[in-house]
Protein chains: 2
Amino acid sequence: MQITKQADYAVRAVMYLSAHGRRHRMATNKIAMDQKIPLSFLAKIISQLSIAGVVHTMRGAKGGVTLSRPASEISLLDVVEAIDGPITLNECVLDASVCPFGENCKVHEVWCEAHTDLMNKLGATDFQTLVSG
Amino acid sequence: MQITKQADYAVRAVMYLSAHGRRHRMATNKIAMDQKIPLSFLAKIISQLSIAGVVHTMRGAKGGVTLSRPASEISLLDVVEAIDGPITLNECVLDASVCPFGENCKVHEVWCEAHTDLMNKLGATDFQTLVSG
DNA sequence: GAAATCATGCAAATTACGAAACAAGCTGAT
DNA sequence: ATCAGCTTGTTTCGTAATTTGCATGATTTC
Ligand code: SF4
Ligand code: SF4
């Protein structure tokens with residue numbers, strides 16, 4: 001019952017980028033140093049964030065990473081789900097057919113409600129307010 | 001980002017016990033059959049629930065498992081934490097010292113808030129209302 | 001072509017899952 | 001009282017999946 005370290009690393013990276021503005025291209029190397037992230041591990045995370053459309057990468061000399069959208073339009077949920085996949089408190093939340101009891105289970109509803117609340121909270125927090133506030 | 005199957009199994013077991021009342025002693029065998037839980041797995045779960053003080057077990061012939069408290073005084077949180085241990089959305093929620101940024105991290109606060117909300121929700125749902133409602 | 005950088009693949013470590021075998025306690029009949 | 005049978009508690013093991021981290025390769029700019 002925890003987000004993975006990858007997801008937390010990803011959040012730190014996006015925080016770092018948000019704090020430095022979209023104009024500057026930051027090298028993965030520098031991000032890793034400043035945010036205490038294993039370098040070769042961060043590379044893969046950046047890659048996934050790129051595929052998810054959160055960041056934009058530039059290869060070659062003078063390359064680096066930038067946000068592909070304004071920080072105000074990137075939510076915690078975007079980053080976490082880009083790395084860990086859809087977050088589900090219980091396996092039945094997204095697909096009720098995995099359990100023989102499925103829809104007839106009262107607990108199922110509780111998990112779904114809690115899940116929705118969590119999604120709303122994470123979806124409502126954008127990185128602009130995280131950095132400035 | 002998911003509770004373990006053990007925790008869900010535990011919830012099913014307690015649901016089953018709550019539905020049948022505290023007066024009846026149910027054999028682990030029967031619970032496993034009706035709730036589609038691997039028998040040898042459920043034994044370990046029952047044991048942990050017993051240690052946590054949620055259920056009371058009786059060995060020997062005519063033995064079985066009963067709730068040690070009225071269903072109205074057992075919350076989802078009790079059962080889940082008895083099995084999975086304290087639930088934490090991120091490792092820094094309970095112990096901020098695991099991260100070099102610790103208290104100075106804005107994201108940390110968000111996780112703590114979300115964590116509190118989740119705890120409250122799970123703590124407020126007792127098995128009496130789950131069964132009857 | 002060389003340097004800097006992202007991208008991909010591979011291995012160790014940890015954890016979750018399930019099953020089996022064994023030990024211990026209770027009941028009730030003898 | 002004693003013994004046999006039933007039921008939970010504990011321990012151990014093996015498998016599978018996930019997580020984490022590292023090393024190497026591919027790509028672009030200068
Ligand atoms: S028993 Fe209920 S809560 Fe558990 S997986 Fe099935 S539907 Fe979901
Ligand atoms: S970076 Fe912030 S959110 Fe992540 S572990 Fe550290 S304190 Fe917690």
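In this text the structure is predicted, and so the values were computed from the model without any measurement. Each chain gets a letter, A, B and so on, in the order its sequence line appears, and its residues count up from 1.
In B:K106, the NZ atom is not crowded: 12 or fewer heavy atoms of neighbouring residues, nucleotides or ligands sit closer than 6.0 Å.
In this structure, A:S40 reaches the bases: a heavy-atom distance under 4.0 Å links it to at least one base atom across the strands shown. Among the protein residues, B:I46 comes within range of the sugar-phosphate backbone only, with heavy atoms under 4.0 Å from sugar or phosphate atoms but none that close to a base. Within 4.0 Å (heavy atoms only), A:V65 reaches sugar-phosphate atoms of the nucleic acid but no base atom.
Across the protein-nucleic acid pair, B:I31 atom CD1 and D:dT7 atom P stand 13 Å apart, rounded to whole Å. Separating the NZ atom of A:K30 from the C1' atom of C:dA4 is a distance of 16 Å, rounded to the nearest angstrom. Rounding to whole angstrom units, CZ of residue A:F41 and P of C:dA11 are separated by 17 Å. The NE2 atom of B:H56 sits 10 Å away from the P atom of C:dC26 (whole-angstrom rounding). As a whole-Å value, the separation of A:Q6 CD from C:dA13 P is 18 Å. As a whole-Å value, the separation of B:Q48 CD from C:dC17 P is 12 Å. One can place CD1 of A:I3 at 18 Å from P of D:dT18, the figure rounded to the nearest angstrom. The interatomic distance linking B:L42 (CG) with D:dT10 (P) rounds to 14 Å, in whole Å.
For the pair A:T4 and D:dT18, the criterion of a side-chain N or O lying under 4.0 Å from OP1 or OP2 is not met. Checking the phosphate oxygens (OP1, OP2) of D:dG21, a side-chain nitrogen or oxygen of A:Y9 falls inside 4.0 Å. Look at B:T57 and you'll find a side-chain N or O under 4.0 angstrom from OP1 or OP2 of D:dG9. OP1 or OP2 of C:dC6 lies within a sub-4.0 Å distance of a side-chain N or O belonging to A:T28.
Using a 4.5 Å cut-off on side-chain heavy atoms (C-beta onward), A:Q6 and A:K44 make no contact. In this structure the side chain of A:L67 reaches within 4.5 angstrom of the side chain of A:I74, judged on heavy atoms.
Considering only residues two or more places apart in sequence or on other chains, B:S72 meets the side-chain contact (heavy atoms from CB on, under 4.5 Å) condition with B:P70, B:D126, B:Q128.
Here the side chain of B:H108 pairs no donor or acceptor atom with the backbone of B:N104 at under 3.5 angstrom.
For B:M58, taking side-chain heavy atoms from C-beta onward, the closest of the listed nucleotides C:dT5, D:dG21, C:dT27 is C:dT27. In the set D:dT20, C:dC17, D:dC6, D:dC6 carries the atom at the smallest distance from any side-chain atom of B:A61.
Donor-acceptor pairing under 3.5 Å, judged by distance alone, is absent between the side chain of A:R59 and the base of C:dT5.
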Chi angles and distances behind the side chain to side chain contact (heavy atoms under 4.5 Å, CB included) call for A:I45, A:I83:
CA-CA 7 Å; A:I45 294 172; A:I83 303 296; 3.9 Å; yes
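Comparing A:K62 and A:A43 by the nucleotide of DNA chain C whose heavy atom lies nearest to each, the residue mapping closer to the 5' end is A:K62. With DNA chain D read from its 5' end, the first of the two nearest nucleotides for B:M26 and A:K44 is the one closest to B:M26. For A:R25 and B:I51, each mapped to the nucleotide of DNA chain D holding its nearest heavy atom, the one lying further toward the 5' end belongs to B:I51.
A:L89 pairs in a side chain to side chain contact (heavy atoms under 4.5 Å, CB included) with only one of the listed residues (B:L118, B:L122, B:I3), which is B:L118.
A heavy atom closer than 4.0 Å to some atom of DNA chain D occurs in no member of residues 73-85 of chain B.
With respect to A:D117 and A:K121, no salt bridge is recorded, no charged nitrogen being found less than 4.0 Å from a carboxylate O.
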